[in-house]
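Scroll down for the structure; my scribbles are underneath it.
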Amino acid sequence: MEHFYSNIQGWFTYPQLYREVVEAAPTLAHFVEVGVWKGTSASYMAVEIINSGKQIKFDCIDTWAGSEEHLDENSPTFQKELTTNPDWLYETFLNNMKPVEELYTPRRMESLQAAKLYEDNSLDFVFIDAAHDYKNVLADISAWYPKVKGVIAGHDYSWSGEVQRAVHDFFDPLGIMITESEGCWIVKEN
């Protein structure tokens, strides 16, 4: 299947990471993306899974309510639609993901609540790209890390000092791989 992610508005900078994770995954793996926005990265992941021929379960976790910066009229990322239609972002995501709708499960809920749905050491890959402030990033890592038996990673490492600080406060910095070109942090549990 051809990729269609470039037709979806978002901040997806990590195709190499997603490609490598799918290549390395065993069949019957289970992936989770936390923080999905309109589905740019999720659509890329879904197409990579389809093209791999592997049976990989893929869950997309988000409230689809936007972040503070999307609700602040003074922010460059303000989304007026979120203030007039609380379902706008979720509906946009579902519409964007139509070509791969059988491949993923959307879970419209808070990250910390969603983490409780998974057993410890049950997930092969978790990608965190929800909130970008220290407190929420640290809470996401703390909630999701016990669920991982493979790789946990996240976005905006190069963009946000708060993301960097949360990652370094949780993990031993020597165990963190950084992809400068893709702006991600990665910790492998194998």
Side-chain angles (χ1 to χ4, degrees), residues 3 5 8 10-26 29-52 54 56-64 67 89 93 96-97 100 103-133 136-160 162-164 166-168 170-171 175-190:
H3 281 288
Y5 72 93
I8 303 170
W11 303 273
F12 177 55
T13 62
Y14 36 95
Q16 181 177 337
L17 171 62
Y18 270 22
R19 189 176 324 106
E20 290 174 0
V21 168
V22 171
E23 287 173 3
H30 194 166
F31 292 178
V32 172
E33 183 177 279
V34 180
V36 181
W37 188 241
K38 295 179 181 177
T40 311
S41 56
S43 69
Y44 186 90
M45 176 62 83
V47 171
E48 285 295 305
I49 292 169
I50 289 168
N51 291 343
S52 76
K54 296 178 180 179
I56 298 174
K57 187 173 180 179
F58 181 39
D59 297 339
C60 297
I61 312 291
D62 204 312
T63 61
W64 284 282
S67 300
L89 188 54
F93 165 77
N96 288 339
M97 296 291 285
V100 292
L103 194 90
Y104 73 96
T105 302
R107 296 192 184 274
R108 192 174 185 184
M109 57 195 320
E110 296 281 342
S111 168
L112 303 183
Q113 292 297 3
K116 295 175 185 177
L117 300 175
Y118 301 90
E119 298 290 324
D120 287 355
N121 300 306
S122 66
L123 301 173
D124 297 279
F125 178 62
V126 171
F127 191 80
I128 298 173
D129 190 17
H132 301 100
D133 63 282
N136 283 304
V137 173
L138 189 60
D140 281 343
I141 294 170
S142 298
W144 288 99
Y145 183 65
K147 311 304 177 184
V148 176
K149 62 181 176 183
V151 176
I152 186 170
H155 194 221
D156 298 309
Y157 183 87
S158 303
W159 172 77
S160 170
E162 293 198 35
V163 170
Q164 289 178 14
V167 169
H168 286 269
F170 190 87
F171 297 107
I176 304 167
M177 295 184 334
I178 308 302
T179 60
E180 288 296 328
S181 64
E182 295 194 328
C184 296
W185 57 270
I186 305 163
V187 175
K188 294 184 179 181
E189 283 306 303
N190 302 9

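Please read all numbers here as calculations on a predicted model, not as lab measurements. Any value given below was found using the heavy atoms of this structure, including those in side chains, with hydrogens, waters and symmetry copies removed.
- To the nearest 0.5 Å, the span separating CG on Leu103 from CD1 on Ile50 amounts to 5.0 Å.
- Taking the six-membered ring wherever Trp is involved, the centroid distance between the rings of Tyr18 and Tyr5 does not fall below 6.0 Å.
- The shortest side-chain heavy-atom distance between Asp156 and Trp185 does not fall under the 4.5 Å cut-off.
- Rounding to the nearest 0.5 Å places CD of Glu119 at 11.5 Å from NZ of Lys149.
- Contact annotation: the side chain of Glu33 never approaches that of Asp59 to less than 4.5 Å [non-hydrogen atoms, C-beta and beyond].
- Taking the ring centroids of Phe125 and Phe31, they lie under the 6.0 Å cut-off.
- Of the possible donor and acceptor atoms, none in the side chain of Lys57 sits under 3.5 Å from a partner among the backbone N and O of Val32.
- Inter-residue side-chain proximity for Thr179 and Leu17 is flagged as unmet; no heavy-atom pair is nearer than 4.5 Å.
- The distance from atom CZ of Phe93 to atom CH2 of Trp64, rounded to the nearest 0.5 Å, is 4.5 Å.
- Looking at heavy atoms from C-beta onward, Met109 lies in side-chain contact with Leu117 at the 4.5 angstrom threshold.
- With respect to Asp62 and Arg108, no salt bridge is recorded, no charged nitrogen being found less than 4.0 Å from a carboxylate O.
- Heavy atoms only, all atoms of each residue included: Ser41 and Phe12 are closest at CB-CD1, 3.3 Å.
- Within the 4.5 Å cutoff, side-chain heavy atoms of Leu112 are placed close to those of Asp140.
- Considering CG of Leu123 and NE2 of His30, their distance stands at 5.5 Å, rounded to 0.5 Å.
- A side-chain donor from one of Thr13 and His155 sits under 3.5 Å from a side-chain acceptor of the other.
- Between Asp124 and Pro26, the closest heavy-atom pair is OD1-CG, 4.1 Å.
- Outside the 6.0 Å centre-distance limit, the rings of Tyr14 and Tyr44 are not counted as a close aromatic pair.
- Looking at every heavy atom in both residues, Val137 comes nearest to Ala131 through CG2-O, 3.3 Å.
- The local environment of CD in Glu162 is crowded, with over 12 non-hydrogen atoms from other residues, nucleotides or ligands closer than 6.0 Å.
- No option in Gln164, His168, Glu182 other than His168 meets the side-chain hydrogen bond (donor to acceptor under 3.5 Å, both in side chains) test with Tyr157.
- Annotation: side chain of Lys38 is in contact with side chain of Leu89 (closest heavy-atom distance under 4.5 Å).
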For Ile152 and Phe171, run side-chain contact (heavy atoms from CB on, under 4.5 Å): C-alpha distance rounded to whole Å, both residues' side-chain angles, the deciding distance at 0.1 Å, then the answer.
CA-CA 11 Å; Ile152 186 170; Phe171 297 107; 4.0 Å; yes
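- Rounding to the nearest 0.5 Å places CH2 of Trp144 at 4.5 Å from CD1 of Ile61.
- Counting heavy atoms from C-beta outward, Thr40 and Trp11 have side chains that stay 4.5 Å or more apart.
- Residue His132 comes nearest to Ser160 through the heavy atom pair O-OG, 3.3 Å, listed as atom of the first residue, atom of the second, then distance.
- Side chains of Ile8 and Ser43 form a contact here, defined as non-hydrogen atoms less than 4.5 Å apart.
- Considering every non-hydrogen atom in both Ala143 and Pro146, the closest pair reads O-CD, 3.6 Å.
- Ser158 approaches Gly183 most closely through the heavy-atom pair OG-CA, 3.5 Å.
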Determine, stepwise, if the pair Glu23 / Glu48 fulfils side-chain contact (heavy atoms from CB on, under 4.5 Å).
CA-CA 9 Å; Glu23 287 173 3; Glu48 285 295 305; 5.6 Å; no
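- How far CG of Asn136 is from CD1 of Ile141: 11.0 Å, rounded to the nearest 0.5 Å.
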